[in-house]
Amino acid sequence: MVVAQGPVHLREVVGLLENGEAEAIPGTVKDIARLYLDQIDVLGGRIEELATGLKAASEEQAETRRLCTVPGVGPVTAGAIMAFAPDLRVFASGRNFAAWLGLVPRQRSTGGKILHGGVSKMGQTDIRKLLIVGAMSRIRWIVRKGVMPDNWLGRIVARKPRMVAAVALANKMARNIWAMMTREQNYRMA
């Protein structure tokens with residue numbers, strides 16, 4: 001039996017098991033397959049419940065709603081920032097917050113000459129990963145729509161690999177988040 005991969009095609013597997021088309025498969029294998037499919041259904045329903053609850057909780061708090069106005073930041077990322085990040089007024093600048101997350105290049109300077117290295121990845125990994133995932137979703141949307149070279153993100157995506165562009169966008173998002181939360185303002189398009 002051949003079925004396409006992916007969660008979308010699980011219904012085909014269920015249909016094959018219920019229609020009796022899988023007669024060549026031993027009964028124990030069918031039982032195990034049904035067990036796995038039942039677990040997937042239960043977990044899928046539970047994930048939907050948790051997502052609905054998280055969305056409702058993010059709409060209740062003003063700070064989380066404010067964070068959700070940033071493109072690429074959803075309820076999960078906003079909740080992680082509210083849970084794991086200290087009060088953002090602790091950081092002197094948005095760059096310091098981005099450095100705490102591990103989204104800025106290492107700096108080495110000598111004789112007044114600043115040299116930038118690679119991104120260190122040292123810092124708060126959970127928020128950093130969520131910001132990069134949000135940045136990748138925005139980049140996918142930009143690429144699907146067509147690269148716009150007239151804005152900052154379009155120019156970055158046109159000349160850099162997507163992951164480098166995503167880290168740069170996540171850095172910019174972190175700086176915007178710091179500015180929004182310290183000034184208590186919603187996101188504004190530039």
Side-chain angles (χ1 to χ4, degrees), residues 1-85 100-103 119-147 153-154 156-157 160-174 176-177 187:
M1 291 177 42
V2 177
V3 178
Q5 291 182 352
V8 176
H9 303 287
L10 284 176
R11 290 188 181 97
E12 293 177 30
V13 175
V14 172
L16 290 174
L17 290 174
E18 290 177 357
N19 293 340
E21 294 178 25
E23 294 174 4
I25 297 176
T28 55
V29 174
K30 288 181 188 178
D31 291 340
I32 292 172
R34 285 188 186 104
L35 176 70
Y36 283 137
L37 292 170
D38 291 342
Q39 286 179 349
I40 290 170
D41 284 340
V42 169
L43 289 175
R46 183 73 179 129
I47 288 170
E48 287 179 18
E49 289 174 16
L50 290 172
T52 304
L54 185 60
K55 188 173 182 180
S58 70
E59 290 173 358
E60 290 177 10
Q61 296 179 342
E63 293 174 331
T64 329
R65 270 195 319 265
R66 182 177 300 128
L67 286 173
C68 287
T69 61
V70 177
V73 174
V76 174
T77 306
I81 290 170
M82 296 306 298
F84 298 130
W100 180 76
L101 293 173
L103 289 170
V119 176
S120 69
K121 296 183 191 173
M122 301 276 294
Q124 219 296 333
T125 58
D126 299 321
I127 299 172
R128 180 180 65 241
K129 286 177 186 177
L130 289 170
L131 286 174
I132 291 172
V133 167
M136 282 300 289
S137 72
R138 284 193 61 201
I139 288 172
R140 267 188 247 111
W141 182 80
I142 289 269
V143 169
R144 197 177 315 133
K145 183 179 176 185
V147 176
L153 183 55
I156 293 287
V157 169
K160 296 284 186 184
R162 285 189 188 174
M163 195 60 179
V164 173
V167 172
L169 180 58
N171 183 358
K172 189 172 185 175
M173 289 166 54
N176 286 337
I177 288 169
Y187 180 78

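Values below: every heavy atom of this structure, side chains too, minus hydrogens, waters and symmetry copies.
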*Working to the nearest 0.5 Å, report the span between CG of L153 and CD1 of I142.*
4.5 Å
_How long is the straight-line distance from CG of L103 back to CD of Q124, given to the nearest 0.5 Å?_
10.5 Å
_For a quick test of reading the model, state the closest non-hydrogen atom pair linking W100 to F84 and the distance between them._
CH2-O, 3.8 Å
*Rounded to the nearest 0.5 Å, how far apart are CE of M173 and CG of L101?*
10.5 Å
*asked:* As an exercise, state the distance from CD1 of I81 to CG of L130, rounded to the nearest 0.5 Å.
replied: 8.0 Å
*Salt-bridge criterion met for R66 and E63 (N-O under 4.0 Å)*: no
*asked:* Would the distance check show the side chain of Q61 and the main-chain N or O of T64 forming a donor-acceptor pair, the cut-off being under 3.5 Å?
replied: no
*Considering all heavy atoms of both residues, which atom of A165 and which atom of I156 are nearest to each other, and what is their separation?*
CB-CG2, 3.4 Å
*How close do A135 and A170 get, heavy atom to heavy atom, and via which atoms?*
CB-N, 4.0 Å
*Mind listing the closest non-hydrogen atom pair of I127 and A80 along with its distance?*
CD1-O, 3.8 Å
*Working to the nearest 0.5 Å, report the span between CD1 of I47 and CG of L54.*
12.5 Å
_Pairwise side-chain contact, T125 with R128, heavy-atom cut-off 4.5 Å (strictly under)_ = yes
*What distance do Y187 atom OH and I177 atom CD1 have between them, rounded to the nearest 0.5 Å?*
10.5 Å
_Side-chain heavy-atom pair H9, V13 within 4.5 angstrom cut-off_ = no
_For R65 versus E60, what's the shortest heavy-atom pair and its separation?_
NH1-O, 3.5 Å
*What heavy-atom pair brings L169 and R138 nearest, and what distance separates the two atoms?*
CD1-NH1, 3.7 Å
*Is R11 atom CZ crowded by more than 12 heavy atoms from other residues, nucleotides or ligands, each under 6.0 Å away?*
no
*Are T77 and V70 close enough that some pair of their side-chain heavy atoms sits under 4.5 Å apart?*
no
